[in-house]
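A quick write-up on the structure given underneath.
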Amino acid sequence: MEEMGLHPLWRLRREKAIEPPGEPVAMGWEEMKSAIESCTACSLHKGRNRTVVGAGCERADWLFIGEAPGAEEDLRGEPFVGQAGVLLDNMLASIGLSREKNVYIANTVKCRPPGNRNPEPSEMAACRPFLSRQIELVGPRLIVLLGRIAAQSILGSDASISSLRGKVHACGNIPAVVTYHPAYLLRNPMDKSKAWEDLCFARKIMNGL
Ligand code: URA
Ligand code: SF4
């Protein structure tokens with residue numbers, strides 16, 4: 001039981017004789033995916049059908065981070081495949097992006113919260129090492145945070161979406177911008193024009209990087 005106490009994201013390097021034994025090494029994609037599939041680090045594992053790791057290009061300049069899998073995502077094992085996903089894909093296309101070409105999409109938690117409630121800060125904290133490793137593996141130049149829950153959790157802020165929009169924040173050393181969550185926009189279509197401004201802002205920041 002030498003791995004006890006390590007988050008499932010880490011394993012002990014022992015297969016390569018040249019490495020000192022016992023040194024934790026960060027996981028690659030495949031190991032991380034199976035660590036997520038068997039993860040029980042927070043109570044969200046109890047209600048999940050599938051884990052939702054992420055989707056898109058595993059090396060990408062753009063990383064979009066949503067909140068949590070919903071019902072359809074939980075059944076399909078893919079993020080943003082419901083109604084909000086259709087809108088997200090349209091938002092991406094409006095600035096020349098797509099999950100097939102140049103974007104990776106992830107969520108703050110990889111398992112669906114019961115009844116689609118917001119993920120708790122403790123659940124996002126438990127899942128954060130996976131997201132942090134995804135960010136390292138994807139290597140984005142710009143991160144777009146979708147909605148208040150993701151933005152507040154990742155930026156460690158309790159500010160409102162309206163005060164976080166239109167500014168360049170930092171996620172580690174990677175610039176990050178904030179916009180509305182597509183599910184919110186489906187309920188509040190009046191704010192779509194503001195989301196469009198945010199996407200143009202993100203495009204401008206990326207072009208200037
Ligand atoms: N909403 C999210 O935040 N993420 C998804 O994957 C789907 C809906
Ligand atoms: Fe593990 Fe994240 Fe699922 Fe919680 S949400 S059980 S931390 S993979």
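Not measured: the values here are computed from a predicted model. All ligand and atom numbering here is 1-based and tracks the order in the structure.
- Short contacts between ligand 2 and Cys39, defined as distances under 4.0 Å to a heavy atom of the residue, involve ligand atoms 1 (Fe), 6 (S), 7 (S), 8 (S).
- Here the options are Arg128, Arg117, Lys110, Arg48, the test is salt bridge (Lys or Arg N to Asp or Glu O under 4.0 Å), and the partner is Glu123; only Arg117 passes.
- In this structure, atom 4 (N) of ligand 1 lies nearest to the protein heavy atom Asn107 OD1, 2.8 Å.
- Within ligand 1, the atoms closer than 4.0 Å to a non-hydrogen atom of His181 are 1 (N), 2 (C), 3 (O), numbered from 1 in the order shown.
- Annotation: Glu67 places an N or O atom under 3.5 Å from an N or O atom of ligand 1; distance criterion only.
- Evaluated by nearest non-hydrogen atom to atom 5 (C) of ligand 1, the leading choice among Ala68, Ala106, Ala84 is Ala68.
- Atoms of ligand 1 lying under 4.0 Å from any heavy atom of Pro79, numbered from 1 in the order shown and given with element: 6 (O).
- A salt bridge is absent between Lys194 and Glu197: the closest approach of a Lys/Arg side-chain nitrogen to an acidic carboxylate oxygen does not fall below 4.0 angstrom.
- His169 contributes a side-chain N or O that, together with a main-chain N or O of Leu164, makes up a donor-acceptor pair within less than 3.5 Å.
- Taking OH of Tyr104 as the start and CZ of Arg59 as the end, the distance is 12.5 Å to the nearest 0.5 Å.
- Under the side chain to side chain contact (heavy atoms under 4.5 Å, CB included) test applied with His181, the options Leu146, Leu145, Leu88 reduce to a single match, Leu146.
- Of the possible donor and acceptor atoms, one in the side chain of Asn107 sits under 3.5 Å from a partner among the backbone N and O of Glu67.
- In summary, the side chains of Asp74 and Asn49 do present a donor paired with an acceptor at a separation below 3.5 Å, with no hydrogens or angles considered.
- In the vicinity of His45, heavy-atom distances shorter than 4.0 Å reach the ligand 2 atoms 6 (S).
- Taking CD of Gln134 as the start and CE of Met27 as the end, the distance is 12.5 Å to the nearest 0.5 Å.
- The option with the heavy atom closest to atom 7 (S) of ligand 2, from among Gly47, Cys127, Pro69, is Cys127.
- Among the backbone and side-chain atoms of Cys111, none of the N, O or S atoms lies under 2.8 Å from atom 1 (Fe) of ligand 2.
- In the vicinity of Lys110, heavy-atom distances shorter than 4.0 Å reach the ligand 2 atoms 5 (S), 8 (S).
- Taking every non-hydrogen atom of Gly66 and a distance limit under 4.0 Å, the qualifying atoms of ligand 1 come out as 3 (O).
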